[in-house]
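Everything on this sheet refers to the single structure shown next.
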Amino acid sequence: MAAATTAPDTDRVATTTSGKAAGDSPPADDQRLAPVPLDEVPEVAAAMERLGIAPFRPTGLTGHPGRNDNWSGPTADGRQVFVKRLNTASPGAGDRFERMRAFERTRKRAARALSWQAPALLGADRETLVLVFDGLTDAVTGTALADDGRFDPALARRAGQALGELHSLPSDGVPTPATGSVAGAAHDERITGRLAALSLDTYISGSGAELDAWALLQHDRKVREALADLATRSAAAPRTPLHGDLRLDQFLLVDEVLYLTDWEEFRLGDPAADAGGFVGQWLYRAATRMFTELDPETSHLAEDAHQSLVDSGERQLDAVRPRITAFWQGYRTARPEVGAGFGARVMAYAGWHLFDRMLAAALFGHRVSAVQRGTAGVGRNALLNPAGFAESLGLVEDPETRTEPHAPAGTTCTQDAPNNLREER
């Protein structure tokens, strides 16, 4: 694919259950938008002037899909920059602004040189919530690399090392979540509340698929219990600096230099939430392909369909396992001491990621598809048996205890696929 000038803080197209924008599409040429005309937002030029940054050239600007207005292009003095203006009407916008500034301060205090970079924050204007970053030219997102087969185990190991280094940064001065909260979408108050009941507003405004998805979760007692258990274990875990919204499209590759971007959710929390986000992305890819490659022409009988799912699941898990294992090895190189139960928590968060993807897709559909239901079923199995999944993928705290890779029971969702999200009233 032709590389494009990419915004350092990639906003996404859809909205996740945590309120963040979501999606795996890179900000390539076909996703660029005409940005909001600068004469309609004079506060942007005023903020850049206050920050001592030259104004944009009047031509050559692009924007990217997302919840925040943004502009990418050259300034009058020839510098490539990316400007983001947080939506002042959005709840928590001021907190997100301060978290991005906190990350910039924290990374400058790293005890040793980092193996990765982040786009430099050139200036931040509190009055307008405008932030100006160095622009990145010819950047390719991790999602695009994965789609092209170029996110290989070597790059996955570098990503793991980068995350381990992030989690080893000094914690003083890093924003702290509200008392009693746990970083991670599975424990967002909006999520835990909806697991019990939907508000009248949510029920009235929700799509058919969204209501269907929440009903599946609300009626699944084992999933609710597993999430509560994860919240308890995660709250008791040592807190480190977190990215807070780690996905493949937050990684950018520029001339073989690895960048990690988008620091709106930077805070202290359980590092397993970040690692689970990365593992969950690969598990989601495997699970989706497992169901979409099922051939109805050769799988019209129940026993044939079952065996086809088993075979497909094994193939797809084998395809992503080297990347997940390499990521884990890189992570442990940078952060050797992770504590007991870390791998299982990572896997539980990865399992929740598949539910999160189902909920995000449900916002725009009239029903939950069989593929979405089956993919969430794989996440369910990971959430209910995180230790088994962790061992299968090599996510063990003590490398000497690792056994040969194997698929844990239910890994490929074959026992009841694709209807293993059963109602348990």
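The analysis underlying the following values was restricted to heavy atoms, covering all of them including side chains, and did not include hydrogens, waters or symmetry mates. Positions are given from 1, in the same order as the sequence printed here.
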Quick one: do L248 and T141 satisfy side-chain contact (heavy atoms from CB on, under 4.5 Å)? Show the steps, please.
-> CA-CA 7 Å; L248 288 180; T141 69; over 6 Å; no
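- With sequence neighbours left out, the side-chain hydrogen bond (donor to acceptor under 3.5 Å, both in side chains) criterion links E165 to S115, W116, Q161.
- In this structure, a donor-acceptor pair under 3.5 Å is absent between the side chains of T288 and R357.
- Within a 6.0 Å sphere centred on CD of E225, heavy atoms belonging to other residues, nucleotides or ligands number more than 12.
- Under the salt bridge (Lys or Arg N to Asp or Glu O under 4.0 Å) criterion, D229 pairs with R233, sequence neighbours left out.
- Residues passing the side-chain hydrogen bond (donor to acceptor under 3.5 Å, both in side chains) test with S199, sequence neighbours excluded: T202.
- Shown here are the salt bridge (Lys or Arg N to Asp or Glu O under 4.0 Å) partners of R367, two or more places apart in sequence or in another chain: there are none.
- For the ring-ring contact (aromatic ring centres under 6.0 Å, His included) test, no residue two or more places apart in sequence or in another chain qualifies with H353.
- When the side-chain hydrogen bond (donor to acceptor under 3.5 Å, both in side chains) test is applied to D201, no partner is found at least two apart in sequence or on another chain.
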When the side chains of residues 37-45 are checked against the rest of the protein, which donor-acceptor pairs come out under 3.5 Å, sequence neighbours left out?
unit_1, atom_1, unit_2, atom_2, d
E43, OE2, R85, NH1, 2.5

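- Aromatic pair F327/F278: ring centres closer than 6.0 Å.
- Ring centroids of Y349 and W352 are separated by 6.0 Å or more, keeping the two rings apart.
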Show your reasoning for whether side-chain contact (heavy atoms from CB on, under 4.5 Å) applies to V174 and R239. CA-CA 11 Å; V174 178; R239 293 186 173 187; over 6 Å; no
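- W263 has its ring centre no less than 6.0 Å from the ring centre of F97.
- Partners of F342 by ring-ring contact (aromatic ring centres under 6.0 Å, His included), not counting sequence neighbours, listed by chain and number: W328, Y331.
- Here R101 pairs with E98 under the salt bridge (Lys or Arg N to Asp or Glu O under 4.0 Å) rule; sequence neighbours left out.
- For the side-chain contact (heavy atoms from CB on, under 4.5 Å) test, residues two or more places apart in sequence or in another chain that qualify with D95 are R99.
- V396 and R332 make their closest contact through O-NH1, 3.2 Å (heavy atoms, listed as atom of the first residue, atom of the second, distance).
- Without hydrogens or angle criteria, R57 side chain to T75 main chain gives a donor-acceptor distance under 3.5 Å.
- For D318, the salt bridge (Lys or Arg N to Asp or Glu O under 4.0 Å) test picks out R321, with sequence neighbours left out.
- For the atom pair L169 CG and T106 OG1, the distance stands at 7.0 Å (nearest 0.5 Å).
- R112 pairs by the side-chain hydrogen bond (donor to acceptor under 3.5 Å, both in side chains) definition with nothing, not counting sequence neighbours.
- Side-chain contact check for T143 and D249: no donor-acceptor pair (N or O, by modelled atom type) lies under 3.5 Å.
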